[in-house]
Amino acid sequence: VQLQASGGGLVQAGGSLRLSCAASGRTFSSLYMGWFRQGPGKEREFVAAISRSGGSTGYSNSVKDRFTISRDNARNTVYLQMTSLKPEDTAVYYCSADDRWANRVIVTRKDEYGSWGQGTLVTVSS
């Protein structure tokens with residue numbers, strides 16, 4: 001699976017951004033999709049995940065109620081709408097995909113994703 005993330009940038013605290021990730025090389029509706037982030041000097045961490053149909057989602061506690069993951073299976077694209085951004089949200093954001101898992105609702109572990117995008121930098125100024 002090839003993944004191309006976009007939409008990062010510089011935003012003030014309290015602002016919003018929408019990230020996009022376009023996928024190719026697999027039937028998009030068969031892919032579990034996720035977003036992870038890696039801040040300066042930190043490990044890559046889970047942010048959000050979405051089921052293959054888009055009907056189920058999951059979030060880390062740090063972004064719940066501020067971020068929304070969604071997907072458009074007709075456009076082969078997953079989105080991450082980020083609102084009420086905080087300086088601690090500053091990170092490189094990566095989209096991820098995998099189609100190996102059966103009988104899962106969502107996939108949240110980074111070691112269970114086999115495909116990764118190149119990352120897009122989000123910088124939140126205070």
Side-chain angles (χ1 to χ4, degrees):
V1 180
Q2 291 76 49
L3 302 172
Q4 181 70 41
S6 60
L10 174 64
V11 63
Q12 288 188 332
S16 300
L17 275 178
R18 188 177 81 155
L19 306 183
S20 300
C21 177
S24 61
R26 284 282 201 280
T27 301
F28 186 69
S29 59
S30 72
L31 295 171
Y32 295 95
M33 300 295 297
W35 286 97
F36 289 75
R37 68 186 181 186
Q38 187 164 12
K42 297 182 179 180
E43 296 285 323
R44 191 172 299 190
E45 63 175 4
F46 169 74
V47 174
I50 191 165
S51 63
R52 290 176 290 186
S53 68
S56 296
T57 57
Y59 300 91
S60 69
N61 287 336
S62 62
V63 307
K64 197 172 183 180
D65 299 327
R66 298 188 298 122
F67 291 10
T68 302
I69 188 172
S70 62
R71 66 191 294 162
D72 185 339
N73 284 355
R75 295 180 182 270
N76 294 349
T77 301
V78 64
Y79 304 97
L80 186 68
Q81 178 68 51
M82 305 184 293
T83 64
S84 302
L85 282 160
K86 305 175 181 180
E88 51 264 43
D89 294 318
T90 294
V92 177
Y93 284 72
Y94 298 90
C95 60
S96 56
D98 208 288
D99 63 358
R100 293 174 291 169
W101 312 109
N103 302 318
R104 294 282 193 94
V105 178
I106 58 174
V107 176
T108 61
R109 291 175 49 134
K110 62 185 176 184
D111 60 356
E112 293 182 329
Y113 281 100
S115 298
W116 294 86
Q118 84 287 6
T120 185
L121 176 63
V122 173
T123 303
V124 184
S125 63
S126 56

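Fair warning: this is a prediction, and the values are worked out from it, not measured in the lab.
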List in chain and number order the residues that pass side chain to side chain donor-acceptor pair (under 3.5 Å) with Glu112, two or more places apart in sequence or in another chain; answer none if no residue qualifies.
Arg104
How close do Leu10 and Ser125 get, counting heavy atoms only, and between which atoms?
CD1-CB, 4.3 Å
Determine whether Leu3 and Met33 satisfy the following criterion, side chain to side chain contact (heavy atoms under 4.5 Å, CB included), listing intermediate values before the conclusion.
CA-CA 10 Å; Leu3 302 172; Met33 300 295 297; 4.1 Å; yes
Contacts of type salt bridge (charged side-chain N to carboxylate O under 4.0 Å, His left out), residue Lys64, not counting sequence neighbours:
none
With Glu88, which residues qualify under salt bridge (charged side-chain N to carboxylate O under 4.0 Å, His left out), at least two apart?
none
Are any of the side-chain heavy atoms of Asp98 and Val107 separated by less than 4.5 Å?
no
Heavy atoms only: give me the nearest Ile106-Ser51 pair and the separation to one decimal.
CG2-N, 3.5 Å
Of all heavy-atom pairs between Ser70 and Val78, which one has the smallest distance, and what is that distance?
O-CG2, 3.1 Å
Residue pairs fulfilling disulfide bond (SG atoms under 2.5 Å apart) with at least one residue in residues 25-62, sequence neighbours excluded
none
Would you find more than 12 non-hydrogen atoms of other residues, nucleotides or ligands less than 6.0 Å from Asp111 atom CG?
yes
Going from OG on Ser115 to CD on Gln2, what distance comes out if it is rounded to the nearest 0.5 angstrom?
7.5 Å
Mind checking salt bridge (charged side-chain N to carboxylate O under 4.0 Å, His left out) for Arg44 and listing every partner two or more places apart, or none if nothing turns up?
none
Taking atom CD of Gln4 and atom OG1 of Thr120, what is their separation to the nearest 0.5 Å?
9.0 Å
Is it the case that the side chain of Gln118 and the backbone of Ala5 share a donor-acceptor pair, with hydrogens and angles ignored and the cut-off at 3.5 Å?
yes
Could you name each residue pair satisfying side chain to side chain donor-acceptor pair (under 3.5 Å) that touches residues 23-36, not counting sequence neighbours?
Arg26-Asp99, Tyr32-Arg52
With sequence neighbours excluded, residues passing side chain to side chain donor-acceptor pair (under 3.5 Å) with Tyr93:
Arg37
Is a side-chain N or O of Thr77 found less than 3.5 angstrom from the main chain of Asp72, in a donor-acceptor match?
no
Hey, could you give me the OG1/CG distance between Thr90 and Leu85, rounded to the nearest 0.5 Å?
8.5 Å
Do Tyr113 and Trp101 sit in one hydrophobic cluster, given that two such residues count as connected whenever their side-chain heavy atoms are within less than 4.5 Å of each other, even indirectly?
yes
Is the number of heavy atoms from other residues, nucleotides or ligands under 6.0 Å of Arg100 CZ greater than 12?
yes
When rounded to the nearest 0.5 Å, the distance separating CD1 of Ile50 from OH of Tyr79 is 11.0 Å
Work out which heavy atom in Leu19 is nearest to a heavy atom in Val122; give both atom names and the distance.
CD2-CG2, 4.0 Å
For the student: nearest non-hydrogen atoms of Ala49 and Ile69, plus distance:
O-CG2, 3.6 Å
Pairs meeting criterion disulfide bond (SG atoms under 2.5 Å apart) with involvement of residues 29-62, two or more places apart
none
What do the steps show when you test Tyr94 against Lys110 for side chain to side chain contact (heavy atoms under 4.5 Å, CB included), and what is the final call?
CA-CA 11 Å; Tyr94 298 90; Lys110 62 185 176 184; over 6 Å; no
If the condition is salt bridge (charged side-chain N to carboxylate O under 4.0 Å, His left out), which residues does Arg66 pass it with, not counting sequence neighbours?
Asp89
Val92 and Gly119 have their tightest heavy-atom pair at CG1-CA, 3.7 Å
Can you pull the disulfide bond (SG atoms under 2.5 Å apart) pairs that have at least one residue in residues 4-117, sequence neighbours excluded?
Cys21-Cys95
Those residues at least two apart in sequence (or on a different chain) that pass ring pair (Phe, Tyr, Trp, His ring centres under 6.0 Å) with Phe46 are Phe36
Which disulfide bond (SG atoms under 2.5 Å apart) pairs, counting each pair once, include a residue from residues 25-78, with sequence neighbours left out?
none
